[in-house]
Amino acid sequence: MKKFYPTIYQKSIHDINYQKLYDKGIRCLIFDLDNTIALIDQKYVDSKTKKLFQKLKKDFRLLIISNSNQKRVEPYSKMLDCDYISSALKPLSYGYRKIIKKYHLKKEEMAMIGDQLVTDIFVGNRMTGYTILVDPMGKRDLKITTLNRFIERKIFRHFEKTKQMKKGEYYE
């Protein structure tokens, strides 16, 4: 179960202590899109998230990695002025290998930020070793995510039973 355990758990991307990440040597932040940066039916990035990305760009390389197609992901990358990997096939390592190769990054310089244990945290732990789980922005998910959420509930129950973490109890 360790492969699903995030390094940090916070309510949203706006609650993360990015200075601590920088101090740990993280230089690239890889964000999931759906229910992490934006709701699944949202077409624009809110101003609070735009301001956050503008601020973070001073210290970090910012990327969006998503299983969604280019048509869905590209507009967000333009609005946030950052690169992206679409159709990433998470939890496979395909998208991460592209990132490492394209940007010549070391795994210890990257952190994955997402709302799903089964995709974002699992692949992030395998490829970067530093992962940040955030609560989903909304209750609505893509159909394919329904199975992941079912598995995720079982994982959370295990973590709660073993007193490792509890949904809604955040930690750094």
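Source: prediction; values computed, not measured.
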What residues, two or more places apart in sequence or in another chain, satisfy side-chain contact (heavy atoms from CB on, under 4.5 Å) together with Leu56?
Tyr18, Leu29, Phe31, Leu52, Phe60, Leu62

Can you pull out every salt bridge (Lys or Arg N to Asp or Glu O under 4.0 Å) where at least one residue sits in residues 84-104? Sequence neighbours excluded, please.
Asp32-Lys90, Lys90-Asp120

Salt bridge (Lys or Arg N to Asp or Glu O under 4.0 Å) filter on Arg153, not counting sequence neighbours, yields none

Do any pairs count as a salt bridge (Lys or Arg N to Asp or Glu O under 4.0 Å) and have a residue in residues 1-26, sequence neighbours left out, and if so which ones?
Lys20-Glu172

Under the salt bridge (Lys or Arg N to Asp or Glu O under 4.0 Å) test, which residues partner Glu109, sequence neighbours left out?
none

For Gln70, which residues count as a side-chain hydrogen bond (donor to acceptor under 3.5 Å, both in side chains) partner, sequence neighbours excluded?
Tyr84

Give every residue pair that meets the side chain to side chain donor-acceptor pair (under 3.5 Å) criterion with at least one member in residues 159-168, sequence neighbours excluded.
Thr162-Gln164

Which residues pass the side-chain contact (heavy atoms from CB on, under 4.5 Å) test with Lys139, sequence neighbours left out?
none

So, using side-chain hydrogen bond (donor to acceptor under 3.5 Å, both in side chains) as the criterion, who are the partners of His14 when residues are at least two apart?
Thr49

Salt bridge (Lys or Arg N to Asp or Glu O under 4.0 Å): pairs with one or both residues in residues 61-85, sequence neighbours excluded:
Asp34-Arg72, Lys57-Asp81

Applying side-chain hydrogen bond (donor to acceptor under 3.5 Å, both in side chains), can you list everything that pairs with Gln10, at least two apart in sequence or on another chain?
none

Student check: side-chain heavy atoms of Pro6 and Leu117 closer than 4.5 Å:
yes

Among residues two or more places apart or on two chains, list those pairs meeting salt bridge (Lys or Arg N to Asp or Glu O under 4.0 Å) that have a residue in residues 38-56.
Asp41-Arg140

